[in-house]
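Below: the structure, in structure tokens.
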There are 2 protein chains.
Amino acid sequence: MMVSQRPSEVSTSAHERVYRTLRSRIMYGEIAPGQALTLRGIGREFEVSMTPARESVRRLVAEGALFLSSSGRVSTPELSNERIEELAALRALIEVELASRALPRAHMALIDRLQGINMTVAEMISKRDAVGYIRANLEFHRALYLRAQAPAMLAMAETVWLQMGPTMRALYGRLRRTEPPRNHKLIIAALKAGDEPGLRLAVRSDVTQGLRMLAG
Amino acid sequence: MMVSQRPSEVSTSAHERVYRTLRSRIMYGEIAPGQALTLRGIGREFEVSMTPARESVRRLVAEGALFLSSSGRVSTPELSNERIEELAALRALIEVELASRALPRAHMALIDRLQGINMTVAEMISKRDAVGYIRANLEFHRALYLRAQAPAMLAMAETVWLQMGPTMRALYGRLRRTEPPRNHKLIIAALKAGDEPGLRLAVRSDVTQGLRMLAG
DNA sequence: CATGAGCAGATGTGATCACATAGACCTATG
DNA sequence: CATAGGTCTATGTGATCACATCTGCTCATG
């Protein structure tokens with residue numbers, strides 16, 4: 001009976017490590033919608049028993065990142081169009097507020113950082129790297145919202161991102177256009193100008209743009 | 001070794017039952033802020049092993065209903081004033097949207113039901129029953145928002161309620177006033193009149209009123 | 001009397017096992 | 001050949017145990 005087989009990783013619990021990895025995969029669209037997961041499979045991959053695997057999965061289910069069927073099987077969710085519309089509306093509500101709260105605190109260093117991230121976004125688009133694009137895009141938003149000093153709101157926004165992760169991958173996968181992120185430039189311009197209405201509009205447009213892609 | 005000791009309750013899993021009960025207690029303010037919980041204690045109370053207790057707790061931690069200390073001990077959260085302000089702002093954002101979406105679908109049957117619930121709210125206030133008040137008040141809101149046909153948004157709103165549960169109890173516990181729910185009447189009036197701006201304002205006022213109580 | 005060291009009990013974590021059941025595959029029968 | 005039934009494997013659930021660590025209390029010492 002081996003009990004504590006990896007003394008090198010005492011810094012953080014096993015289920016935390018599993019949870020973080022799975023969460024990252026889901027949020028950044030590395031897993032397709034409807035993909036099934038098993039506790040024993042997770043345990044095998046991360047070299048842990050079923051216990052930490054179960055706790056990670058439970059946590060992700062609670063956050064809406066995973067779907068639990070009536071028989072207990074877990075998979076990434078396949079969102080209906082209505083659900084996608086709701087989540088996009090939530091993003092708009094919460095992220096517009098976060099951006100608005102960040103505006104008075106947004107100094108030049110932040111704007112520089114956003115422009116840097118934006119170059120990565122453009123690069124990922126040109127490479128047609130869906131996962132890289134999602135990651136860079138969310139990093140852009142997170143960098144801005146961190147300035148709002150509103151951790152509960154940011155957590156809510158991230159929960160929405162998490163729920164949309166697999167769907168975003170599917171959406172961007174069928175994306176043909178190779179245009180640079182226009183709305184991001186509008187966001188940066190509004191930040192520079194201290195233009196709150198403009199910022200709110202730009203964020204709202206950016207966040208709901210994926211929805212139009214769905215309808216079109 | 002006893003494995004399946006309660007064949008009568010096969011309808012829903014043990015951890016689900018534990019989760020629902022704990023969630024209800026927290027949301028409706030039956031547990032004070034900072035109250036500690038133990039896995040073995042939960043297991044003893046619900047006559048289950050630590051496993052379902054752990055899963056329930058993990059789930060509630062993921063929803064922000066419970067706080068996990070660095071040493072792994074769990075307790076209900078003690079919210080800072082900044083955190084309370086954020087959560088109230090989130091309520092305002094999400095619930096105003098939910099009310100707005102419910103408005104076109106709000107028929108007479110709903111209004112009757114809301115008025116009925118409102119009588120319970122007034123009764124709980126007069127009895128100074130904090131838990132009963134919180135329960136009736138949230139039932140009022142939930143009844144309205146269910147009409148919005150927006151499950152993801154409603155789930156978000158409920159998560160915020162859950163996070164505020166213990167704090168609401170503490171807040172309303174120190175409440176002296178015995179006034180009937182004025183904002184609820186404004187909500188009902190706006191629903192009757194089909195007055196969307198009035199509805200949005202009334203919901204926003206109702207949801208942020210507790211905050212004023214805190215400041216005062 | 002105050003303070004700190006040490007001990008004992010309580011608590012969380014992860015592994016493992018027994019069991020029930022769902023899903024898949026295979027076979028037999030119409 | 002299609003379909004229904006059965007079997008077998010895979011999977012989730014919950015109980016239990018071993019272990020590490022945290023907490024609180026006690027007692028000795030300054």
Separation of dG14(D) atom C1' from Ile42(B) atom CD1, nearest Å, is 16 Å

By salt bridge (charged side-chain N to carboxylate O under 4.0 Å, His left out) - contacts of Glu158(B) (at least two apart): Arg23(B), Arg142(B)

Among all residues two or more places apart in sequence or in another chain, which pass the ring-ring contact (aromatic ring centres under 6.0 Å, His included) test with Tyr28(A)? none

Would you mind reading off the distance between Glu16(A) atom CD and dG14(C) atom P, rounded to a whole angstrom? 10 Å

Can you name the residues that form a side chain to side chain contact (heavy atoms under 4.5 Å, CB included) with Glu139(A), not counting sequence neighbours? Arg113(A), Ile117(A)

Could you tell me whether Arg59(B) and Glu55(B) have a side-chain N and a carboxylate O separated by less than 4.0 Å? no

Apply ring-ring contact (aromatic ring centres under 6.0 Å, His included) to Tyr19(A) and list each qualifying residue two or more places apart in sequence or on a separate chain. none

Tabulated below should be each protein N or O lying under 3.5 Å from an N or O of nucleotides 8-12 of chain C; please produce it.
unit_1  : atom_1 : unit_2   : atom_2 : d
dG12(C) : OP2    : Leu39(B) : N      : 2.9
dG12(C) : N7     : Arg40(B) : NH1    : 2.8
dG12(C) : O6     : Arg40(B) : NH2    : 3.2

Distance test, side-chain N/O of Thr51(A) to OP1/OP2 of dG14(C), below 4.0 Å: no

All side chain to side chain contact (heavy atoms under 4.5 Å, CB included) counterparts of Ile111(A), not counting sequence neighbours: Met108(A), Gln115(A), Ile188(A), Leu191(A), Lys192(A)

Not counting sequence neighbours, which residues clear side chain to side chain contact (heavy atoms under 4.5 Å, CB included) with Pro151(A)? List them please. Arg83(B), Glu86(B)

Would you give me the side-chain donor-acceptor pairs under 3.5 Å for residues 95-103 of chain A, sequence neighbours excluded?
unit_1    : atom_1 : unit_2    : atom_2 : d
Glu95(A)  : OE1    : Arg91(A)  : NH2    : 3.3
Glu95(A)  : OE1    : His141(A) : ND1    : 3.3
Glu95(A)  : OE1    : Tyr145(A) : OH     : 2.5
Glu95(A)  : OE2    : Arg91(A)  : NE     : 2.7
Glu95(A)  : OE2    : Arg91(A)  : NH2    : 3.3
Glu95(A)  : OE2    : Trp161(A) : NE1    : 2.7
Glu97(A)  : OE2    : Arg101(A) : NE     : 2.8
Glu97(A)  : OE2    : Arg101(A) : NH2    : 3.4
Ser100(A) : OG     : Glu196(A) : OE2    : 2.5
Ser100(A) : OG     : Arg200(A) : NH1    : 3.1
Arg101(A) : NH1    : Glu85(B)  : OE1    : 3.2
Arg101(A) : NH2    : Glu85(B)  : OE2    : 3.1

Quick check on contacts: within residues 18-25 of chain A, what sits under 4.0 Å from DNA chain C by heavy-atom distance? none

